[in-house]
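By convention in this document, chain letters (A, B, ...) are assigned in the order of the sequence lines, proteins followed by strands, and residues within each chain are numbered from 1.
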There are 2 protein chains.
Amino acid sequence: MSKSNNVYKDAYNRCLRLLDETRSLPSEPELGALLGVSRTTVRSILARMEETGLIAWNKRAKTVLRDPHPDDFFPEEETDTLAEIIERSFMRRLLAGGAEAGMQINELELAREIGVGTTSVREFLIRFSRFGLIEKRRNSHWVLKGFTRAFALELTEIREMFELRSAAAFAALPQDSPVWADLDRLEDEHRQLARDIATRFNEFSELDERFHRLIHRASHNRFIVDFYDVIAMIFHYHYQWNKAQERQRNEVAVGEHLAYIEALRSRDLGKVDAACRKHLKSARQTLLTSIPESRQPARA
Amino acid sequence: MSKSNNVYKDAYNRCLRLLDETRSLPSEPELGALLGVSRTTVRSILARMEETGLIAWNKRAKTVLRDPHPDDFFPEEETDTLAEIIERSFMRRLLAGGAEAGMQINELELAREIGVGTTSVREFLIRFSRFGLIEKRRNSHWVLKGFTRAFALELTEIREMFELRSAAAFAALPQDSPVWADLDRLEDEHRQLARDIATRFNEFSELDERFHRLIHRASHNRFIVDFYDVIAMIFHYHYQWNKAQERQRNEVAVGEHLAYIEALRSRDLGKVDAACRKHLKSARQTLLTSIPESRQPARA
DNA sequence: TTAATGTCTTTTATCGTGAAAAAACATTTT
DNA sequence: AAAATGTTTTTTCACGATAAAAGACATTAA
């Protein structure tokens, strides 16, 4: 099968949504920049749009002929990266239980189960290993360390260390730094979400990530910034898995974020530290309660 | 070519060194455990040793017939992992200069230059990416971030954060913890090295790594422990590259380690903190002086 | 009956191959 | 001439295939 054309399909779908808004499409390089793909892919998209009668395409002229129909879109599941597919599949097994710590991971079996080549699985495991949930035995198999209480504690320990430092760095940024405007915008979004929390509570997860990433970036340290990938990944699946009291949890978190933002704006390091600690403590608590006490590592 | 038999060759060489010491070899499983390889590999080794007349092998009896000759050994370069070969090759290019930050990395070109397949290079790059020296552009090439001053500062910032915490955790360990015995042994080795520093100064690098890893392990945090891989890698190549005043630098470092060890043993957190800071500060200085000021990132 | 050896099976590591996508180059249009 | 389009070349991504190495099972020796 060699390589799936998910980049094309995903970009095609996103391009379809653009069609609603305009009567004609921009130049090829412009479209490429907009969709985040190369001109080669843009041209494939345009070619298909012409074929299906969505646009008339003649050199520079790309006139929209009709609005896209639901079945003009490629199915969602065909737009995912192989890496995403493997990760989802792997995390499902991991969190669904039955994946005891100490268990060994079989590349070939995983590949067959997901229906992909071994190379992709191998590359996934290597990439995934930095999350600290799996480990490779020298010239042998991978071992599952398990999503345990210990893991959550180790993760949050680093998170707290890094975020306290980043928050302090943030508060120390000069008044004319563009981050303050970013912070204003995020505060607005928080206030809006707080108002409509009853219906929009599930949008918090995404806002949460953007907020914390903004703070971590103030550290100007690639290791701190990159570590947020680990946190984001874990919380992403945690949110998907543990829906208990989601609304209430998120409502509390939004409140904590707003206090945190105010503390940052005060530039009072004591206040920043306190607000940051308080929020991280409850975030840790949420994560911990989602991990069953029983899950203990199988062997040393 | 599919797969090189470097595991076999390396284990064979190590097994040859065992021959000097005994008149007969232990059982296959025992040998496997000793050499860190499977019985399959052990049997290949024994088979060859029999062929070349090094041993007489009949079931349990594995009698040594003669001492190994220098050309019984496989050449050193055939015992390296592909990953090691690629890493060395890559780091040489990186440190040899001419590798400007912002430059793009070509998998195929690298693979051809080193004489390996693209898959191995890809896997290496993925693994290597956690060191923060390269970065992947979404569905496109890798970009070199460069071994810059900024990199060294970011690295050491985290190192200091982690090691101060680990050292504090270490000092707080109960008296009956086995780490104190490990520390004693390391102290001895330091004292011996200090005595013969004039001739053995190049042995410091390895001792340094063992010492710091012992301390980091006290954190009981996988992210802290794993981060030492980044430090070890950087310092490993740094030591190889920058030989200026090596003897003197190492002599100073050994002294600092001894003070650090004493502080740990005093279990006085103030002293530990001071000794740790002092040593890390000079380690950072050493690293920084090896990076030419001129090397600036090419683009944003 | 335990622990070794002997044999067979499974898994990992690496390569070459081919399609998708990017990037580079050439040509045309404004 | 600058920026688009048209065309060609490179590079990345993913696969199946194959040898090395690990692991499992069967048999034999102490």
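- One atom, CZ of R43(A), and another, P of dA22(C), lie 14 Å apart when rounded to the nearest Å.
- Of the residues in residues 107-126 of chain A, E107(A), L108(A), R122(A) come within less than 4.0 Å of DNA chain C through at least one heavy atom, sorted by number.
- The two atoms that bring E78(A) and N6(A) nearest to each other are O-CB, 3.5 Å, heavy atoms only.
- Computed from coordinates, the R60(A) CZ to dA3(D) P distance equals 11 Å when rounded to whole Å.
- A salt bridge does not link D182(B) to R217(B): none of the charged side-chain nitrogens sits closer than 4.0 Å to a carboxylate oxygen.
- The nearest pair of heavy atoms linking K62(B) to S27(B) is NZ-CA, 3.6 Å.
- Atoms CG (N106(B)) and C1' (dC13(D)) sit 14 Å apart, rounded to a whole Å.
- The phosphate of dT5(D) (OP1 or OP2) has no side-chain N or O of N58(A) nearer than 4.0 angstrom.
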(request) Going 5' to 3' through nucleotides 18-27 of chain D, assign each nucleotide B (protein heavy atom under 4.0 Å from a base atom), S (under 4.0 Å only from sugar-phosphate atoms) or - (no protein heavy atom that close). (result) BBBSBBB---

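- The distance from atom CG of L82(A) to atom C1' of dA20(C) is 13 Å, rounded to the nearest whole Å.
- R48(A) places its CZ atom 14 Å from the P atom of dA20(C), with the value rounded to the nearest Å.
- Within the model, atoms CD1 of I114(A) and CZ of R93(A) stand 7.0 Å from one another, a figure rounded to the nearest 0.5 Å.
- The phosphate of dT11(D) (OP1 or OP2) has no side-chain N or O of K136(B) nearer than 4.0 angstrom.
- Distance, E28(A) CD to dA23(C) P: 16 Å, rounded to whole Å.
- Heavy-atom minimum distance, P68(A) versus L19(A): CD-CB, 4.0 Å.
- Listed here is the closest heavy atom pair of I105(B) and H141(B): O-CB, 4.0 Å.
- Here K59(B) does not reach the OP1 or OP2 of dA3(C): none of its side-chain N or O atoms lies under 4.0 Å away.
- With hydrogens and angles left out, the side-chain atoms of Y239(A) and E206(A) include no donor and acceptor closer than 3.5 Å.
- Aromatic rings from Y237(B) and F147(B) are positioned such that their centres are separated by 6.0 Å or more.
- Closest non-hydrogen pair, I45(A) versus A11(A), comes out as CD1-CB, 3.6 Å.
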